[in-house]
Each structure stands twice: as C-alpha cells, then as structure tokens.
There are 2 protein chains.
Amino acid sequence: MNVTTLQTIADIINVSRSTVSRVLNNKWERYGISRVTADKITVLAKDLNYLKNDTARSLREKKTFTIGVIVRDITNPFYSHIIKFVERALYAKGYTIIICNTGYDLDRESSLINSLISRRVDGIILSPIQKSIENISIIKFRNVPLVLFDCNIDGMKADYVLVDNEAGTMEAIEYLISQGHKEIVYIGGNSYDSNNRLRYAAYRKSMQLASLSIHKNYVKHGRYTFKHGYDSATEILRSKNVPTAFFTANNRIMLGACKGIMDCGLQIPDDISIIGFDDFETATMLPNPLTVIRQPVQEMALNAVALLLSRVDKTNNIPYVTSLLKTELVIRNSTKDIN
Amino acid sequence: MNVTTLQTIADIINVSRSTVSRVLNNKWERYGISRVTADKITVLAKDLNYLKNDTARSLREKKTFTIGVIVRDITNPFYSHIIKFVERALYAKGYTIIICNTGYDLDRESSLINSLISRRVDGIILSPIQKSIENISIIKFRNVPLVLFDCNIDGMKADYVLVDNEAGTMEAIEYLISQGHKEIVYIGGNSYDSNNRLRYAAYRKSMQLASLSIHKNYVKHGRYTFKHGYDSATEILRSKNVPTAFFTANNRIMLGACKGIMDCGLQIPDDISIIGFDDFETATMLPNPLTVIRQPVQEMALNAVALLLSRVDKTNNIPYVTSLLKTELVIRNSTKDIN
DNA sequence: GATAATTCCGCCATCGATTGCGTAGAATTT
DNA sequence: AAATTCTACGCAATCGATGGCGGAATTATC
C-alpha cells in the first residue's frame, strides 16, 4: 500500500529528495548533478514504478494543468464534438480537462464553477447560459482565465469564441427566398438566448430586405429540444395558414420539426422545405438529406483552446478577443425550388 | 492577486488556522470552539470570499474527490449519455469527473490512465478497448478502485457493468425469425471486441436453433463506424444473394447500413428488415422508426457509480461483482413480417 | 602549500489544509 | 486553598514536490 515518493528513492540512493526531483524533472545538468547519480536515480525510479504526485506538485507550483470545460448539454452532438476536439488539443499540451454539464441549470452552473475554482483549475472554457452573468463575474473576480463560447453575454467583456449567427442565418433565409419561398417559419430557442436572438434578428432582417411579411404564428421561441421542434411544427401545420419553409435554430429543434412534418403526412422537401442550424451525423439519414448551417466545430474548439492558453501562459493583459467564425451552408436536399 | 487562505482569516481574528479549519469544516462543536469565535470566522470567511484549496486538501487527505471516466468515443451518444448520468450521480456525492476519450487508441488509453493515476483520482470508470489488459493491470497494481463497463476483458478479474449481450441479441434474431426471415445478415464490430464476439455468438446460436444456415458473405466484422455499416450493406446488397434482414451490432453501424440500404434503392422495412443494438435519438426519425435493442444506459451509469463508490469508501475486499443488465427490444417499424 | 575554481549536491522553507495531542486559564468541587 | 474538571483553543507534524542559496569536497593554479 505504500507509494513510492521522491523520499523513498532518495533514501535508497542516499541523496536528498531535491536531487531526485531535479533528476526526474530533467534539470540535473542545470543543477550540476553527475551523470552517474542521475542514471542511478532514473533507473531506480523506473524500477519502483515511481509516478509523480500531481496534487503535491500543483500545490507547490500553484498550477494544476487542469482546465474546466462547462457545457450546457453533453449529449448534444454539437457539444460532444467540441469537447472531443478541446480534449485532444489540451491533452497534447499536457492539460487534463474536467467536464461539467449544466443542463441549462443556472444553480448547477454556479456550483460547478465554484467547484472548479476550488480545484484551482488553470482556466475555464464555458458555454454559458444567458443569465450566467453573475457566475461569470465570480470567475473574473478570482482571476481565472476564461473563454466563453457559443453564447454572447450582454455587457460582459471577456474572450469569446462565436460564430457569425447573422451571416449564417441570412445566408440560409436568403437561399430559401431565392427558391421562391415567402412563408417561412422560424422555430427558435429560448427568447433570451443570444444565439436565438441573433438568429431571429437575422431572419427578420432577411425577410424585411425581401419585403416579406412574417405571420405572427410563424415564430416560435422555446427550448432547444426535439419536443419544442415537434410541437411547434405540428401546431403550425395544423393551422389554416400553412407555410412553405421552416428555419430551425438548432439540431434538436430541426429533428423535432422534421418528425412533426412527417407525422403530419407531409414530405420534405416536396411539401415543406427546411433548413436548420448545426450539422449532425444523422442529417444525411433522413429520406432527404438535410440542408444545414454548419458550425466549424473543430475550429471553434481549437480557437477556444488557443485563446485560453494564451491567457494561462502569459500574465499579460491582452485586450479581450472575440473570435467570430464563419458558418457554412451545407446544401443537401431538404429544400425545394418553388419558383 | 493574493488569495484568502485559512491563515489570512486566522491572522485577522487572532486565532490559529486550526481553529479556522475546524469551524469551516463544521467541526467546531466537536473541538469545543465557542460559538462566538465560530460565528466570527464564518462571517469573515464569507466576506473574504474564502474558497478552500482542494489541492492542499487532497494532498493532506490523500483523497481528491475526483473520478476518472474513460470512454472510447465521447461523440457516440451511447457514451455521452452514460457520461451524463455518471457525472450527475457522482456530482451529487461530491465528486468531480475527469473525462477522457481514447478514440479506440491503446497508447492513448495507457497514457490517459497514467495521467489519472498521477492526479491521484479516487477511482476510474473505464470502457476499455479489448486489448487493454496491460493498462488495466497498471490500475490494479496501483490499487486504484476500478469499474469496467461495456466490455469484458478475458481473464481480467474486476468489477464489471455489462449488458446481457446474448439474451439481447437472441431476442432480436428470434424476433426476425418469427417474422419469417431466414437470410439474416450480421454486421458487427471488431472481431476481437467482446461485445461483438458475444453478439455474434448469440446470432449464430439463434440461427442454429432455428436450423438456419448462415451465408458466409452475410457476416461482416469491422469497425464500429457508419462507414463500415454502409460499405457492408451496399456490398451485400449488390451481390447476387440478397438477404431479407440485417442485424447490426451498434448504432453507428446501423445508421450506415440504413443509409446503404436506402442508397441501393431499397425500402425499410418493405424490402429489407433491420434491427440493431443501441437506441438513439434519431432512431425514430427515419422514414420508418427503427426497431432496436436498447441498453439501459442510466442504470448502467448508476450501477457503475455505486459499484465504484463502494470500493472507494470501504477498503473492504468484496469479491468482484459483475452487474449484468437486461436489454430491451424496442419494437418500432423497421422489420416486416414476411410469413 | 595556499588559494581559487569547480563539481556535486543538501538544507530548509514553502505551498495550504488537516488533525492528534496538549495546555493555559477559568470554573467548580472537596 | 488545593485539586479537579471544563472550556477553548494552539502547536507542530504531515501530505509530496520544488527551488534558492549555500557549502563541502575535490581539483586546478600560482
């Protein structure tokens, strides 16, 4: 049950633990330790299966080589892919990540943040809930390096990694309009969510630019869930005014809407066209592959990591950066030209 | 930039840090500290935003309240759901989880395990690759509590959380047979993977029990990927012997196979029936909702957590436990009765 | 032979929190 | 008044690794 520590090794070879530490950290030359001693230590450490104690090292160094990553929903492929890339990039730099899932719960987010700070993580990558302003303030108050992604918090100066929601949405809506659609539905997320607000604003802007009016029943805000997409779609399709196209604000809503459309006995894209935010694996699996707005997931992850590490490494006061990435309209086959 | 420590508080109130520690850990009564002092300390700690330093505590207590969770592919919904439930359950018990993604890479798994042990995690939940035996030995050698899930390693005694692959597969195959299918394809994962081996064996057994022969081109082992499913399905469907039903060993393969079937111009379930392992969100989204074998994800997660914590808490030597959970055949509409 | 220059490494404080053991002073008992 | 019992804490060691400063021992130089 006894674990090998520096002292164990030091005692056997009859040197001090400083010497052992220096050797095992490859600093023996700098400290003028003879090759003979160094070799003895190296060999013995291997024989004893010595593994450094990171908690001790962290305490002493005031650095844990740990990054906290907080997302809203780990089961959403958008986030799980982000996590995958973030983990990979950070691991390559010697960091470990602690992943937290808020499930869009503000209290939970707050408590997770406190826990991460208690653990003295070297930085936090956070996909905040819109109302997270106070939680975020705590992080800043503690001077913990922070990168926010996927959500803009009004009035909160910080480093951000975001996509250009406006351009992405407008490209999609204009594409629909170019195909002759005039009755376009918007099914979005929480009305206070920044992504949703921006996407909605862009939708309105595009419609306005084309002098198209928006039927008031054609806008549904709600949760980013399958159910919301499904319910909204069926409600609209069962009303007397039936639109020709749908725009959905995320992958879950899109899936729900598709299902709703199909359950109403309508075909995509023959009866209804649809475009949504987020690409995902099964987008190509529906009877007609879905046209989507792809977010550059890997790039977002890498940018977030790079931004964070630049804060972690240097104590410099770079001005806050917002990395605004472009989306891509992936045209498949879920819209129909009705001109 | 200075952080509040116990000493900071102690100095201001003129007590020792022991006293502060005892108060903040709610042990002041036990140590006979007056309520007056206790209150002063509590109030001041709040005023100064004191947050305990977990690295220090971990070092002293030889306990980190951290659990490592290693999965093969975090972007697979099966694992991301497991993680979600594991995280939630452990968080409720005061633990934080470090998530690692091996991507089916053995070296990476080894290196991740070492890193977790260096960090002195209190336990590890591992979804191993089949060849992980040496990696696992390291964990056992270090005496780190361990639960393996989703994969059985031959000859490795340990705590396991598994599903009953045999019963689950047989139920599915027998269901197909009961519908009159005789030509049933098996598209599986890596031939050395225990899940795949068991599922394959069960498939053979069911076929044999029904006195059905297995065409040698009707068995495809490979990677657990969309591509493998797609390629296998199209290859088989383009050959001269066309089967009537497919069995697929996981969600990714199933999706690929479905796409392959559709791309060959065939309909599910009219032309081809299909059943696969793993339930997933989009299973209901295809033209015809997919009949699948559902693994009890939440139960698996909770069992793994419970098992692990029982090892962490007590130093007792409970004999190894294998928690074998039942699957459920979720009948939707991807198979056709051809009797 | 004495001093200077190397070579090689140890001492000890430090990071922050957590107890086991002990004790000063007040209160109470005999 | 002496002895005993409480009350209310403090002291100091400990967890394991790190690094500044210093110094003994050996070799080189004059």
Side-chain angles (χ1 to χ4, degrees), chain A residues 1-42 44-45 48-66 117-122 142, chain B residues 1-42 45 48-66 94 117-122 142:
Chain A
M1 209 50 179
N2 280 331
V3 182
T4 308
T5 70
L6 291 185
Q7 190 72 61
T8 320
I9 297 175
D11 288 347
I12 296 176
I13 307 206
N14 253 307
V15 293
S16 72
R17 29 176 212 294
S18 316
T19 302
V20 180
S21 166
R22 285 159 183 154
V23 169
L24 296 181
N25 286 302
N26 276 318
K27 293 180 182 166
W28 55 281
E29 287 183 307
R30 195 180 323 165
Y31 281 92
I33 290 164
S34 70
R35 161 159 266 125
V36 178
T37 308
D39 285 348
K40 276 200 291 190
I41 291 174
T42 310
L44 185 60
L48 296 179
N49 288 299
Y50 171 77
L51 215 52
K52 71 177 187 303
N53 185 317
D54 277 333
T55 62
R57 196 171 98 104
S58 298
L59 175 57
R60 170 64 212 232
E61 298 288 280
K62 290 176 170 295
K63 164 134 193 174
T64 55
F65 280 97
T66 304
I117 297 178
S118 263
R119 279 164 196 279
R120 263 52 179 181
V121 294
D122 296 331
R142 297 273 174 189
Chain B
M1 207 53 181
N2 280 331
V3 183
T4 310
T5 70
L6 291 185
Q7 190 71 60
T8 320
I9 297 175
D11 288 346
I12 296 176
I13 307 205
N14 255 309
V15 292
S16 72
R17 36 175 206 292
S18 320
T19 303
V20 180
S21 167
R22 284 160 181 150
V23 170
L24 297 180
N25 286 302
N26 275 319
K27 294 181 181 164
W28 55 280
E29 286 184 306
R30 195 180 323 163
Y31 281 91
I33 290 163
S34 70
R35 158 159 268 124
V36 178
T37 308
D39 285 349
K40 274 200 293 191
I41 291 174
T42 310
L48 296 179
N49 288 297
Y50 171 78
L51 214 51
K52 72 176 185 304
N53 184 318
D54 277 332
T55 64
R57 194 170 101 105
S58 298
L59 176 59
R60 168 67 212 228
E61 298 289 280
K62 289 174 169 298
K63 167 136 193 173
T64 55
F65 280 97
T66 303
I117 297 178
S118 262
R119 280 166 196 278
R120 269 35 181 196
V121 293
D122 296 331
R142 298 273 173 188

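Every chain is numbered from 1 and lettered A, B, ... according to where its sequence line falls, protein lines coming before strand lines.
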Just to confirm, is there a sub-4.0 Å distance from OP1 or OP2 of [N] to any side-chain nitrogen or oxygen of [X]?
X: B:K63; N: C:dT18; value: no
X: A:K52; N: D:dA17; value: no
X: B:Y31; N: C:dT18; value: no
X: A:S21; N: D:dT18; value: yes
X: A:Y50; N: D:dG16; value: no
X: B:T19; N: D:dA8; value: no
X: A:S34; N: C:dC9; value: yes
X: B:S16; N: D:dG10; value: yes

Residue pair [X] / [Y], side-chain heavy-atom distance below 4.5 Å:
X: A:Y31; Y: A:T19; result: no
X: B:R22; Y: B:V15; result: no
X: A:R120; Y: B:D54; result: no

Select one nucleotide: of C:dT19, D:dA17, D:dG19, the one nearest the side-chain heavy atoms of B:R60. C:dT19
B:T5 has its side chain closest, among C:dC15, D:dC15, C:dA17, to C:dA17
If you find the nucleotide of DNA chain D closest to B:R35 and the one closest to A:N53, which residue's nucleotide is nearer the 5' end?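 The residue closer to the strand's 5' end, by nearest nucleotide, is B:R35.
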Starting at CG of A:L59 and ending at P of D:dC15, how long is that distance when rounded to a whole Å? 14 Å
Contact class for [X] (heavy atom, under 4.0 Å): base, sugar-phosphate, or nothing?
X: A:T37; result: sugar-phosphate
X: B:V15; result: sugar-phosphate
X: B:S18; result: base
X: B:R57; result: sugar-phosphate
X: A:D54; result: nothing

Report yes or no: do A:S21 and A:S18 form a side-chain donor-acceptor pair below 3.5 Å?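 Side chains of A:S21 and A:S18: no pair found under 3.5 Å.
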Can you tell which of B:N53, B:T55, B:T64, B:T66 makes a side-chain hydrogen bond (donor to acceptor under 3.5 Å, both in side chains) with A:R119? B:T66
May I ask you to verify whether the side chain of A:R22 and the base of D:dG20 hold a donor-acceptor pair under 3.5 Å? yes
